[in-house]
Novice: 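Got a structure for you, questions after.
Residue numbering restarts at 1 for every chain, and letters A, B, ... go by the order of the sequence lines. The model shown is predicted, which means the values in this text are computed figures rather than measured ones.
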Protein chains: 2
Amino acid sequence: MTAHAKPLPTAADVDAAAVRILGVAVRTPLINNPALDAHLSARVFLKAETLQRTGSFKFRGAYNKCSSIPADKRAAGVVAYSSGNHAQGVAAAAKLLGMPAVIVMPSDAPVAKRRRTEALGAEVVAYDRNTEDRAAIAERIMAERGATLVPPYDDPLIVAGQGTIGREIAEDLAAQGLKPDVLFIGASGGGLAAGTALGLKARAPDVSIYTVEPDGFDDTLRSFKSGKRETNARMSGSICDALMSATPGEVTFPITSTLIGQGFSVTDAEVGAAVRYAFEELKLVVEPGGAVGLAAMLAGKLDLTGKVVAGVLSGGNVDAALFATLIAA
Amino acid sequence: MTAHAKPLPTAADVDAAAVRILGVAVRTPLINNPALDAHLSARVFLKAETLQRTGSFKFRGAYNKCSSIPADKRAAGVVAYSSGNHAQGVAAAAKLLGMPAVIVMPSDAPVAKRRRTEALGAEVVAYDRNTEDRAAIAERIMAERGATLVPPYDDPLIVAGQGTIGREIAEDLAAQGLKPDVLFIGASGGGLAAGTALGLKARAPDVSIYTVEPDGFDDTLRSFKSGKRETNARMSGSICDALMSATPGEVTFPITSTLIGQGFSVTDAEVGAAVRYAFEELKLVVEPGGAVGLAAMLAGKLDLTGKVVAGVLSGGNVDAALFATLIAA
């Protein structure tokens with residue numbers, strides 16, 4: 001690997017994160033559904049991060065980061081910018097640690113996500129996704145208050161925190177005498193994908209991992225192919241509101257390109273079908289961005305016959321109106 | 001206790017059922033949600049039978065019963081009458097055991113439940129809930145085909161199968177060093193309530209159990225008070241389509257009156273609020289009849305402060321249109 005400006009997290013950092021989040025994060029179940037197994041002629045295990053604190057995996061990284069802030073910096077609080085799930089994760093982590101939190105959130109974020117962030121005690125600062133720079137706003141708040149930035153993905157502690165998902169998948173499969181053949185993992189900035197790959201590959205080095213992104217937001221897949229960090233043309237226009245980062249991270253891309261290096265994209269229709277399948281068969285509420293891995297499985301992107309397949313249902317924060325539309329389709 | 005016409009199942013029968021369903025039924029997770037804990041100032045554990053095979057607890061009893069049918073009776077198959085969840089449970093159990101299944105189902109049953117029953121390979125015979133007697137129809141089919149009846153609740157093997165839920169709740173709490181103080185359990189014919197009470201009380205004798213029924217369908221609660229099996233005035237008119245049996249069973253009532261003996265009823269509005277809460281906070285799809293225990297907790301029927309509280313989310317088979325209406329309210 002080439003030299004990098006930022007330090008990269010390792011599997012040991014994932015292990016350290018696992019200790020920090022123990023008893024604080026929910027040990028989410030790894031769900032097996034016989035109907036899904038039969039449908040795909042495979043053994044499929046879905047990590048239900050929908051059941052995590054705040055309804056998405058984001059709490060893991062946020063708590064790992066916030067709990068690492070030195071005592072003398074805690075009173076000044078944290079600041080984060082997020083389309084929603086990271087916001088809630090940071091708000092909940094800060095609250096548990098007794099720290100104030102400011103969240104810079106796009107004005108078109110789902111109502112449910114904004115409301116839930118405020119309910120967790122955070123101060124929300126809205127911005128226009130098309131005309132304003134959320135990073136600049138966050139930096140101003142940091143300068144004014146001395147607050148610590150909790151980045152959404154491009155940070156070793158955030159990646160290591162999300163990595164506990166991969167570690168738990170490996171542990172729970174091992175307890176059943178199984179090793180994963182394939183993992184489908186959603187990618188946006190790459191924090192979940194990089195972390196989960198680190199945590200899982202350390203215990204199951206032979207697993208083949210595939211990123212899954214929305215069509216039109218396949219910067220990670222294009223970056224794998226070109227070998228450099230590509231950028232999405234748009235910042236809106238997918239039902240996967242949680243997966244619209246502009247480009248893979250400086251910290252995440254070296255990890256995902258090394259440990260993953262391959263992937264798929266899925267259409268809004270394929271994602272909608274997965275949300276509907278999760279409602280009808282799995283009885284789980286999954287938001288579009290949290291269903292891309294399941295969408296790739298159901299859409300037959302890869303022949304899974306006879307394989308042990310893992311996926312992550314990464315979030316369940318979806319407005320009732322959108323959910324009603326998707327399950328009625 | 002007085003003498004009974006039918007033999008009553010015991011905790012030992014629950015243990016035997018646990019062996020029969022091992023590796024066939026899903027070992028459903030016992031879910032703890034920090035937001036719910038904070039909301040109720042309690043430690044709340046929800047047995048997610050929504051994640052069971054066929055989306056409800058009914059598979060447990062059905063498989064325990066069907067797998068106990070002698071080899072020479074299996075080719076003639078089974079027959080069952082059900083508003084839906086028992087139908088799917090029987091269909092799935094019969095299919096796994098290679099037996100034909102006929103399900104006598106009300107013509108106004110939710111579309112999702114009928115479609116799913118047929119998808120499991122069962123033959124569905126529809127009847128009019130207001131003018132026809134489902135038991136008589138089932139008896140005719142039994143006479144014609146030599147099929148074995150799988151009753152919805154009033155059978156020792158059915159009760160013992162559902163009892164594995166109580167056994168698993170006790171085991172999973174014990175693994176965390178906990179014992180339940182309170183259990184809320186939905187009641188209709190009483191198979192789930194009787195079985196769960198048997199399985200749980202055997203390992204946690206001090207638990208206080210409360211049945212929960214829809215307003216207007218509180219035959220069990222009225223029977224507890226009068227000491228004899230009371231009957232509901234109506235057979236329709238609640239959103240809890242799964243909880244509209246006419247009266248407690250001959251097998252179930254002696255058990256529920258002895259081990260439970262107390263309960264609550266909940267309004268359609270309280271049930272709807274619980275379904276919505278499960279969507280918004282728990283990210284779980286719960287059907288109205290499966291949410292009555294959660295409804296009783298959220299409606300404050302009992303002061304739960306500081307207690308270890310258990311509940312069963314007993315089913316998740318709900319039509320998309322009804323679900324959309326409930327979560328939008």
Side-chain angles (χ1 to χ4, degrees), chain A residues 23-39 46 48-56 59 88 92 95-96 112-113 115-116 119-120 172 176 275-276 278-287 290 313-329, chain B residues 23-39 46 48-56 59 88 92 95-96 112-113 115-116 119-120 172 176 275-276 278-287 290 313-329:
Chain A
V24 184
V26 173
R27 173 84 188 206
T28 54
L30 188 65
I31 289 173
N32 174 252
N33 182 285
L36 178 58
D37 280 6
H39 184 59
L46 299 172
E49 282 295 294
T50 51
L51 308 182
Q52 186 51 265
R53 266 186 198 270
T54 72
S56 92
F59 176 79
Q88 291 177 56
K95 188 179 184 189
L96 282 167
K113 293 186 178 181
R115 189 166 41 77
R116 291 167 61 87
L120 288 162
D172 287 3
Q176 299 177 58
V275 171
R276 193 160 55 252
F279 166 76
E280 289 177 354
E281 289 291 339
L282 309 180
K283 313 302 179 190
L284 295 172
V285 177
V286 187
E287 65 181 279
L313 302 174
S314 53
N317 294 315
V318 52
D319 275 348
L322 173 58
F323 194 73
T325 302
L326 293 174
I327 64 176
Chain B
V24 184
V26 173
R27 173 84 187 209
T28 54
L30 188 65
I31 289 173
N32 173 252
N33 181 285
L36 179 58
D37 279 6
H39 184 59
L46 298 172
E49 283 295 294
T50 51
L51 308 182
Q52 186 53 263
R53 266 186 199 269
T54 72
S56 91
F59 175 79
Q88 292 177 58
K95 189 179 183 189
L96 282 167
K113 293 186 177 180
R115 189 167 40 76
R116 290 167 61 89
L120 288 162
D172 288 3
Q176 300 177 59
V275 171
R276 193 159 56 251
F279 166 77
E280 289 177 354
E281 288 293 339
L282 309 180
K283 314 301 181 190
L284 295 173
V285 177
V286 187
E287 65 181 278
L313 302 174
S314 53
N317 293 315
V318 52
D319 275 348
L322 173 59
F323 194 74
T325 302
L326 293 174
I327 64 175

Novice: Could you tell me the separation between the CD atom of A:Glu281 and the CG atom of B:Leu51, rounded to the nearest 0.5 Å?
Specialist: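 Nearest 0.5 Å value for the CD-CG distance: 12.5 Å.
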Novice: Quick one: what part of B:Arg116 sits under 4.5 Å from any heavy atom of chain A, side chain, backbone, both or neither?
Specialist: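 Contact with chain A is through the side chain of B:Arg116 alone.
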Novice: I'd like to know if the side chain of B:Lys283 and the backbone of A:Val285 have a donor-acceptor N/O pair within less than 3.5 Å.
Specialist: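 Between the backbone of A:Val285 and the side chain of B:Lys283 there is no qualifying donor-acceptor contact (under 3.5 Å).
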Novice: Over all heavy atoms of both residues, which pair between B:Ile327 and A:Phe323 is shortest? Give the atoms and the distance, please.
Specialist: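 The answer is CD1-CD2, 4.0 Å.
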Novice: Counting heavy-atom pairs under 4.5 Å with chain B, which one of A:Asn317, A:Thr325, A:Thr54 comes out on top?
Specialist: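 Result: the option with the highest number of such pairs is A:Asn317.
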Novice: Which of the residues B:Arg53, B:Glu287, B:Glu280 is involved in the greatest number of heavy-atom pairs with chain A at under 4.5 angstrom?
Specialist: B:Arg53
Novice: Between A:Val26 and B:Asn32, is any pair of side-chain heavy atoms under 4.5 Å apart?
Specialist: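 With C-beta onward as the side chain, the pair stays apart.
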Novice: Rounded to the nearest 0.5 Å, what separation is found between the CG atom of A:Leu284 and the CG atom of B:Leu282?
Specialist: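 Here the interatomic distance stands at 11.5 Å.
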Novice: Given heavy-atom pairs under 4.5 angstrom as the criterion, report whether the side chain, backbone, both or neither of A:Val318 touches chain B.
Specialist: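 Both backbone and side chain of A:Val318 come within 4.5 Å of chain B.
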